[in-house]
Visitor: 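Below are the structure tokens for one structure; questions will follow.
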Amino acid sequence: MSGDHPGPAAVDAVSWGWRHASRLAWALRDVSFRVEPGERVLVLGASGAGKSTLLQGLAGVLGGDEEGESEGELLVDGHPAVATRGRAGLVLQDPDSQVILARVGDDVAFGCENLGVPRAEIWSRVGQALDAVGLDLPLDRPTKALSGGQKQRLALAGILAMRPGVVLLDEPTANLDPEGVVEVRDAVERMLAAHPATLIVVEHGLEVWLPLITRVIVVGQGGVVADGPPERVLGEQGARLAADGVWVPGFAPDAPPPPLASPGEVLLSARDLEVARVKGTPVASGIDLDVRSGHALAITGANGAGKSTLGLTLAGLLPPAGGAVEASAALAAGIRPAPIDWASRDLLTRIGMVFQEPEHQLLAKTVQDELAVGPRALGMPEDEITARSDELLHRLRLDRLARANPYTLSGGEKRRLTVAAALATRPRVLVLDEPTFGQDARTWAELIAMLAALRDEGTAIVAITHDLDVVRALRAERYELRGGR
């Protein structure tokens, strides 16, 4: 198969459902709709409603019987989605997970090579695809040198070069700064103008996509719960959808009240700090900041500015490239002041870290066991571990998933699980990298309310975020890293 096709594809879901092999509950069930060739559809739903599962099914990447159980049909141009290789192209939310090869041109060509496109044609397609997404880069530019927004446009170019009939986007802007979000949306618009295709987008932040969209489908318990033009679905059912957790313009989630007290003592400080992932290659320098008890600090800045690297350095997981990070006597409590010198057991009750990618810190086979990892490392009694984990499962709406495999959770559920796991050892400083990505409006509000409550109980909160609503809702002090992009 060369990847050529007659144009945009038709998509049909016929009473379709999917249940992960390790789960009792179905991720989705009884989903039925038809998408006509060339339609541009936004799929909405609460966190955990099965939106990503639907897109993976349409892309034919859910796996076979050993991965789960399906019912009904998913069809692309009337054929089972799993049998239409190259007809659907999927772009995921994590830019780094989709970069395969070391150079820009090779990465864009990869999909075409797998489809057997003649070599002479591949390179003309590569150039056209990069032009279509507005990525004016040399073909030998290292992919590791690209920003998050550039990596997402690179992924789009790789899909476009394959000339798919349907483009599937699964929260493609979730980890991007505001400028990167617009970059990707504009790249999709240029892509569709250059090579028309059917478009199906899953995204919580829907306002940026509304100018491109012709239809909204809302999935939930019981299948499709709303379907139609955006203005009708959001206009007639906006209040009900917002109550179910869907982000709807004009229905802002509740924000917590202001802090109960002024910021407390300094627990952690950085002075003339320089941070780096790779030794000898600093990404940010000259950083001076204080992390205080009972206070929220938001670290903001463009993709590539070094925010995540700063977070890992503050959390004692990366050594400073220059300058110093030191804990107060109250936080260090009898051990050396530099967190990088602490053992992992020392960190557990002092500084908790929630990584940007949830999979990077999942260790156990069930959700409940994941929450027990830290407390067990501290030697807590089993009855106390159970009480703590049960409380966190309830607070973060993970009760029904207690026995589930963490890797089968949705992106938003994985994020809440990693926050809960960090809280299980009750650290005095909590560093969170993009804490709200993948959350629906309801779980966003619950997560923010919990962080505000922790702040008011004396925990120091450090939030690395592109979501300026987080900054406002937590009344956070803002530290912006310059550079990046």
Side-chain angles (χ1 to χ4, degrees), residues 40 42 55 89-101 103-105 107-108 111 125-139 141-162 164 167-197 199-213 247 249 283 299-308 356-357 411 433-434 436-438 464-470 480-485:
R40 299 175 178 186
L42 180 66
L55 261 58
L90 174 64
V91 176
L92 304 170
Q93 60 185 219
D94 175 19
D96 290 308
S97 70
Q98 297 164 99
V99 175
I100 299 166
L101 298 175
R103 297 184 299 183
V104 163
D107 199 77
V108 177
R125 287 194 186 193
V126 167
Q128 292 166 14
L130 289 168
D131 287 344
V133 301
L135 206 52
D136 183 17
L137 296 172
L139 296 184
R141 173 68 61 86
T143 50
K144 67 180 182 182
L146 305 185
S147 72
Q150 288 175 320
K151 286 175 182 173
Q152 283 298 54
R153 286 188 285 160
L154 183 71
L156 283 170
I159 294 300
L160 175 56
M162 295 162 59
V167 175
L168 308 166
L169 307 179
D170 188 4
E171 295 203 58
T173 64
N175 288 328
L176 301 182
D177 60 43
E179 190 175 337
V181 170
V182 175
E183 274 181 12
V184 171
R185 194 275 317 277
D186 290 349
V188 172
E189 189 168 19
R190 282 194 298 270
M191 178 182 73
L192 295 174
H195 295 282
L199 176 69
I200 301 179
V201 185
V202 166
E203 190 72 83
H204 282 294
L206 61 94
E207 285 181 277
V208 73
W209 293 98
L210 285 178
L212 273 183
I213 296 302
W247 288 98
V283 292
I299 297 172
T300 63
N303 284 103
K307 300 184 301 299
S308 296
Q356 185 174 102
E357 300 308 323
D433 197 346
E434 297 293 353
T436 57
F437 97 82
I464 298 156
T465 186
H466 292 305
D467 184 350
L468 297 185
D469 288 331
V470 170
E480 183 165 8
L481 276 182
R482 304 293 179 180
R485 302 200 60 81

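Because the structure is predicted, anything quoted here is derived from the model rather than measured. This chain uses plain numbering: 1 for the first residue, then up along the sequence. Hydrogens, waters and symmetry mates play no part in the numbers below; they use all other heavy atoms, side chains included.
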Visitor: OG1 of T436 to CG of D467: how many Å apart, nearest 0.5 Å?
Guide: 4.0 Å

Visitor: Is the side chain of K307 donor-acceptor paired with the backbone N or O of E480 at a distance under 3.5 Å, no angle test?
Guide: no

Visitor: Just so I know, are the side chains of L146 and L137 near enough to count as touching, which here means a heavy-atom distance under 4.5 Å?
Guide: yes

Visitor: For D433, what residues pass the side chain to side chain donor-acceptor pair (under 3.5 Å) criterion, not counting sequence neighbours?
Guide: S308, Q356

Visitor: Which residue, V202, I159, L199, I200, forms the side chain to side chain contact (heavy atoms under 4.5 Å, CB included) with L169?
Guide: L199

Visitor: For R190, I'd like to know if atom CZ has over 12 heavy atoms of other residues, nucleotides or ligands within 6.0 Å.
Guide: yes

Visitor: Side chains of V108 and L139: closer than 4.5 Å at any heavy-atom pair?
Guide: no

Visitor: Show the nearest heavy-atom pair for residues G301 and D177, with the distance to one decimal.
Guide: O-CB, 4.4 Å

Visitor: What closest approach, in Å, do R40 and L212 show between heavy atoms, and which atom pair accounts for it?
Guide: CD-O, 3.0 Å

Visitor: Residues in side chain to side chain donor-acceptor pair (under 3.5 Å) with W209, at least two apart?
Guide: E203

Visitor: How about Q98 and Q152: does a side-chain donor come under 3.5 Å of a side-chain acceptor?
Guide: yes

Visitor: Which heavy-atom pair separates P164 from A197 by the least distance, and what is that distance?
Guide: O-CB, 3.8 Å

Visitor: Would you give the length of the straight line joining atom CD of Q128 to atom CE of M191, rounded to the nearest 0.5 angstrom?
Guide: 14.5 Å

Visitor: Specify the closest pair of heavy atoms between A132 and A194, including all atoms of both residues, with the distance to one decimal.
Guide: CB-CB, 4.0 Å

Visitor: Using the side chain to side chain donor-acceptor pair (under 3.5 Å) rule, take D107 and T143 through it: C-alpha gap first, then chi angles, then the decisive distance, then the call.
Guide: CA-CA 8 Å; D107 199 77; T143 50; 5.6 Å; no

Visitor: So, do Q150 and V104 sit near enough that their side-chain heavy atoms are less than 4.5 Å apart?
Guide: no

Visitor: State the CG-CG distance between L130 and L135, to the nearest 0.5 angstrom.
Guide: 5.5 Å

Visitor: Check V283 against G306 and note the closest heavy-atom contact, atom names and distance.
Guide: CG2-CA, 3.9 Å

Visitor: Work out which heavy atom in A187 is nearest to a heavy atom in L156; give both atom names and the distance.
Guide: CB-CD1, 4.0 Å

Visitor: Which residues pass the salt bridge (Lys or Arg N to Asp or Glu O under 4.0 Å) test with D469, sequence neighbours left out?
Guide: R472

Visitor: Below 4.5 Å, heavy atoms only, C-beta onward: do V91 and V184 meet side chain to side chain?
Guide: no

Visitor: Is there a side-chain contact between D96 and K151 in this structure, where contact means two heavy atoms from C-beta onward sitting under 4.5 Å apart?
Guide: yes

Visitor: Would you confirm whether R153, through its side chain, and E183, through its main-chain N or O, come within 3.5 Å as a donor-acceptor pair?
Guide: no

